[in-house]
2 protein chains.
Amino acid sequence: MPKQLTEMLKGTLEGVVLAVLAGRAAYGYEITTWLREQGFADIAEGTIYALLLRIEQRGLVDVEKRPSEKGPPRKVYSLNAQGGEYLDEFWRTWAFLTERLERLRSGQESEHAQQQESQGRQQEEGI
Amino acid sequence: MPKQLTEMLKGTLEGVVLAVLAGRAAYGYEITTWLREQGFADIAEGTIYALLLRIEQRGLVDVEKRPSEKGPPRKVYSLNAQGGEYLDEFWRTWAFLTERLERLRSGQESEHAQQQESQGRQQEEGI
DNA sequence: AGCCGGTACCTAGCGTTACTATCTACCAGT
DNA sequence: ACTGGTAGATAGTAACGCTAGGTACCGGCT
C-alpha cells in the first residue's frame, strides 16, 4: 500500500466504517474482509479493531455480543443516533474537502485566469 | 475547525500544496493566505512551513531565495520532475479513495442489492 | 526613539491516527 | 497433535497537523 493512502485514510477510514454500520450492523472481522473486497487491499485487521473500540468509547455505536458457530463470540456494532449525527458531519466535511480538491485538480489542467487576483471569486463558507 | 477535517487533511494537505506549486511557484506565506481564501479558514501557518520543509527534504521541490520589499527574504518553491511524479501518484490515490467513498455514500441512500453476496461484483484493482 | 502591525520563516511539544507485530481464544478437519 | 480459518485485542512506532510560541525585517505612527 502506498504511504500516501495510509495518510489519506486518517480520518476517512473512521467515516467509512461508520457508513458501513449505517447500512447494517456488523462485526470487526466482517468489516475487515468486506473492506478488502472493496479494494482496500491490505488494511490491517488491528486497525479496524482499534477503530471500533474508539468509536464505541465515544458512544457512536451500540454493541451486542453474539456467539459464532465457528470461533469466539462476535461483537456486533450498530450505529446509534449520536453516531448518525457524527456521520452526517463526516459527509459534510468530506464534501467540503472534495469540492476544494476537485477545483484544484480541474484548475490545474487549464492554466489561466489566475493572474487577476482574488477579487470577484465567489467565496464559499469556510469550515 | 472540526476535528474531522484536521484528520482528513493528513495526507491530502501535502497534495494540495504540491498541486498549487504545480500551477506556479510560490512561497510559504503566500500559500497560507491563499489557502485561507479558498475556505481552509484556519490552517496553521506552522503546518505549511513544516510541510514545505518536508517536501523540500524529499526532493520534490526546488527552492530559490528571493528578497522581499517588505520583510525577510522569501523561500520560493517550485515543483520539479520528481515532485510532478509524486503529484500524479497523489491524484491517482485520491481518485481511488473518492471512488470508494462515493460508492459508499450513494449506496447508503438506496438500501438494497447487497444481500446477494460478493459475487458478480466487478472487482477493481486494489492499491 | 519607541512601539505596533504586517510580512516571512522556523521550531518544540502534543494529540490523533494507521501500521506492525504479536498474542489469545474457539472450532473443524486432517 | 497440528493446521487453518474465525474473531478479538494490544504495545510500540511513524507520520502528520496543531498549538504556541519565537526570530527577523520593514514602514508608519506617536
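Atom set for the values below is all heavy atoms of this structure, side chains included, hydrogens, waters and symmetry mates excluded. Because the structure is a prediction, the values reported are computed rather than measured. Here is the naming used below: chain letters follow the sequence lines, and residue numbers restart at 1 for every chain.
- One can place CZ of Phe40(A) at 11 Å from P of dC19(C), the figure rounded to the nearest angstrom.
- Put simply, CD on Glu14(B) is 17 Å from C1' on dC18(D), counting in whole angstrom units.
- Between the CZ atom of Arg66(B) and the P atom of dT7(C) there is a distance of 19 Å, given to the nearest Å.
- Grouping the Ile, Leu, Val, Met, Phe, Trp and Tyr side chains by contacts below 4.5 angstrom, directly or via other members, places Phe90(B) with Leu18(B).
- Atom P of nucleotide dT19(D) and atom NZ of Lys3(B) are separated by 12 Å, given to the nearest angstrom.
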| task | Scan nucleotides 8-15 of chain C nucleotide by nucleotide, 5' to 3', and note B when protein non-hydrogen atoms come under 4.0 Å of the base, S if they reach only the sugar-phosphate, - if neither. | result | BBBB---B

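- With no hydrogens or angles considered, a side-chain donor-acceptor pair links Tyr86(A) and Glu14(A) at under 3.5 Å.
- Hydrophobic cluster membership differs between Leu35(B) and Tyr29(B), with clusters built from Ile, Leu, Val, Met, Phe, Trp and Tyr side chains linked at under 4.5 angstrom.
- Ring planes of Phe40(B) and Phe96(A): perpendicular class, angle over 60° (limits at 30 and 60°).
- Taking atom CG of Leu97(A) as the reference point, atom P of dC16(D) lies 16 Å away to the nearest angstrom.
- The existence of a salt bridge linking Lys75(B) and Glu56(B) is confirmed by a sub-4.0 Å separation between a basic side-chain nitrogen and an acidic carboxylate oxygen.
- With rounding to whole Å, Ile48(A) atom CD1 is found 14 Å from dA9(D) atom C1'.
- Of the side-chain N and O atoms in Arg54(A), one or more sit less than 4.0 angstrom from OP1 or OP2 of dA18(C).
- With hydrophobic clusters built from ILVMFWY side chains whose heavy atoms lie under 4.5 angstrom apart, Leu97(A) shares a cluster with Leu101(B).
- Atom CE in Met8(A) sits about 18 Å away from atom C1' in dT16(C), given to the nearest Å.
- Taking atom CD of Gln4(B) as the reference point, atom C1' of dG17(D) lies 16 Å away to the nearest angstrom.
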